[in-house]
Amino acid sequence: MKLLVINAGSSSVKYQLYDMTDESVLAKGLVERIGMDSSILTHKPTGKEEVTEVSEILEHTTAIRKVLDKLIDKECGVLASVDEIQAVGHRVVHGGEVFKGSALVTGEVKSEIRRLFDLAPLHNPPAVLGITAAEKNMPGVPQVVAFDTAFHQTMEEKVFLYPIPKVLYKKHHVRRYGAHGTSHEYVSKVAAEYLDRPLEDLKIITCHIGNGGSLTAVKGGVSMDTSMGLTPLEGLMMGTRSGDLDPAVVTFVMNKEELSLSEVNSMLNKHSGLLAISGSSSDMRDITDGMAEGDPNATLAFEMYEYRLRKYIGSYAAAMDGVDVIVFTAGIGENSVVVREKVCENLTYLGVEVDPELNKIRSGEPRRISTPNSKVEVLVIPTNEELMIARDTYRIVQENQ
Ligand code: AMP
């Protein structure tokens with residue numbers, strides 16, 4: 001079965017075409033600047049040259065039609081006909097409490113996703129645009145939705161509730177939902193396979209650290225706790241997001257600086273984190289370069305980032321009463337030797353011991369960076385959210401045939 005995985009944002013559509021007989025990627029690409037002056041389609045067929053096309057693409061239906069045109073193009077295409085695509089999988093950020101796993105798209109499923117717009121106003125509406133656009137371009141082809149929140153629906157009430165008046169949970173669904181669930185689930189499964197141990201027996205801390213970042217305590221294969229909350233602002237210090245702070249800071253600063261709701265929201269989401277402390281960049285490469293050059297602001301940003309990450313690892317080891325495996329993934333987790341080194345250097349009380357040489361190797365494959373003596377396995381596992389969505393789509397379409 002060939003299937004298309006789509007990740008639709010408000011002005012972009014990312015895609016990957018899979019052949020599920022061997023889970024190979026036939027082509028992938030990105031449409032950017034949808035609705036703006038000149039939209040850009042970048043298409044990369046496996047084994048062929050990448051092509052880029054600039055044209056006016058005003059909305060998502062046209063964007064997906066252009067993608068399908070590329071997939072069947074004589075030069076850069078990989079299919080003889082669009083009819084070869086037998087299913088479509090979509091990434092959806094928020095599944096609320098309704099979706100505890102991926103689901104086949106029906107009218108009712110789309111209505112549920114719409115009802116969740118309040119909880120993810122920036123992310124869920126474009127996902128529905130993506131679904132509708134795929135339906136229009138490929139009528140009758142089954143579609144599946146995979147939610148970033150679904151993996152975390154196993155959290156217990158004592159974990160997901162905030163200690164604020166309960167009526168806010170009842171009226172407005174205020175609780176912890178988490179994010180990056182597809183990635184946390186994927187890397188925890190790969191970790192168990194790599195170690196050749198049953199997932200059910202393992203206590204794993206998965207560190208998905210990229211521009212956004214979250215940690216999950218995966219106990220026996222299920223999410224027991226995760227650091228992102230009602231929104232992706234809670235938890236770790238991130239590229240431009242503050243992560244945890246005293247909630248009173250918000251009202252205090254709003255009062256002192258006379259900030260509106262949207263201004264304070266923008267401050268915490270777009271002007272905080274590494275960017276705010278370094279004063280120069282939200283990118284960990286710039287931060288570590290600055291630190292190597294002796295920039296005190298970059299050094300402070302790095303130290304705060306590492307300290308806060310390490311505190312979370314410690315709290316999840318406490319939450320699970322131990323930890324067998326720590327997994328690093330996403331942009332920083334997969335690439336930053338120094339972040340992994342400094343975090344693990346200070347986890348000796350857990351028996352963590354990282355081999356500095358293994359830590360330096362770059363391979364793009366799952367690998368161990370801990371020593372044979374380490375009491376905790378430390379792994380670097382490249383995440384692959386698209387493959388996870390493709391697998392779910394394949395399974396659900398098979399089950400519903
Ligand atoms: P992501 O959001 O997963 O794409 O991760 C993006 C972040 O990964 C960037 O903002 C960088 O800070 C970080 N990153 C990517 N490559 C490297 C690298 N070689 N060393 C350190 N950080 C990196």
Side-chain angles (χ1 to χ4, degrees), residues 5 7 9 12 14-16 28-30 32 42 44 91 93 122-123 148 178-188 190 206-216 226-228 231-243 269-293 295 297-309 327-345 354 356 358-367 369 378-389:
V5 173
N7 184 352
S12 68
K14 285 188 205 144
Y15 63 93
Q16 290 205 15
K28 60 179 163 185
L30 166 70
E32 295 166 277
T42 313
K44 174 77 184 83
R91 177 185 180 210
V93 166
L122 297 179
H123 296 108
D148 272 16
H180 302 135
T182 313
S183 176
H184 290 292
E185 183 178 8
Y186 176 78
V187 296
S188 56
V190 174
T206 48
C207 310
H208 176 110
I209 43 175
N211 193 30
S214 66
L215 253 66
T216 299
T226 193
S227 62
M228 282 182 169
T231 76
L233 186 56
E234 193 181 345
L236 301 171
M237 178 172 168
M238 299 173 230
T240 61
R241 283 176 240 162
S242 63
N269 280 287
K270 296 186 180 151
H271 305 285
S272 294
L274 291 172
L275 177 63
I277 302 299
S278 71
S280 55
S281 176
S282 60
D283 191 304
M284 185 53 84
R285 283 166 287 203
D286 298 332
I287 302 297
T288 48
D289 287 353
M291 188 165 65
E293 288 158 12
D295 173 352
N297 295 323
T299 306
L300 179 61
F302 180 89
E303 287 176 354
M304 286 175 66
Y305 182 92
E306 181 274 324
Y307 178 70
R308 285 170 165 252
L309 173 54
V327 179
F328 287 99
T329 192
I332 298 172
E334 291 167 34
N335 296 300
S336 181
V337 175
V338 61
V339 167
R340 294 192 302 256
E341 178 192 306
K342 292 293 174 197
V343 168
C344 293
E345 200 172 270
V354 161
L358 291 179
N359 188 29
K360 282 186 201 144
I361 296 170
R362 289 181 186 276
S363 75
E365 297 291 327
R367 65 189 198 279
I369 60 168
V378 184
L379 308 179
V380 177
I381 299 179
T383 195
N384 196 339
E385 287 158 291
E386 290 79 11
L387 177 58
M388 195 78 205
I389 296 170

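In each ligand, atom 1 is the first atom listed, and ligand 1 is the first ligand listed.
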Trainee: A side-chain contact here means heavy atoms from C-beta on lying under 4.5 Å apart; do I287 and T299 qualify?
Mentor: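 A side-chain contact is absent here, since even the closest heavy-atom pair is not under 4.5 Å.
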Trainee: Would you check if the side chain of R241 reaches a backbone N or O of H271 as a donor-acceptor pair within less than 3.5 Å?
Mentor: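 Between the backbone of H271 and the side chain of R241 there is no qualifying donor-acceptor contact (under 3.5 Å).
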Trainee: Once rounded to the nearest 0.5 Å, what's the spacing between atom CG of L309 and atom CE of M304?
Mentor: 13.0 Å
Trainee: Are more than 12 heavy atoms, taken from residues, nucleotides or ligands other than K28, located less than 6.0 Å from that residue's NZ atom?
Mentor: no
Trainee: Is it the case that the side chains of T206 and H184 hold a donor-acceptor pair, with the cut-off being a distance below 3.5 Å and no angle test?
Mentor: yes
Trainee: Please check this pair: side chain of T288 against backbone of R285, looking for a donor-acceptor N/O pair closer than 3.5 Å.
Mentor: yes
Trainee: Below 4.0 Å from any atom of ligand 1, which residues have a heavy atom? Give them in chain and number order, please.
Mentor: G210, N211, D283, M284, R285, A330, G331, I332, N335, S336
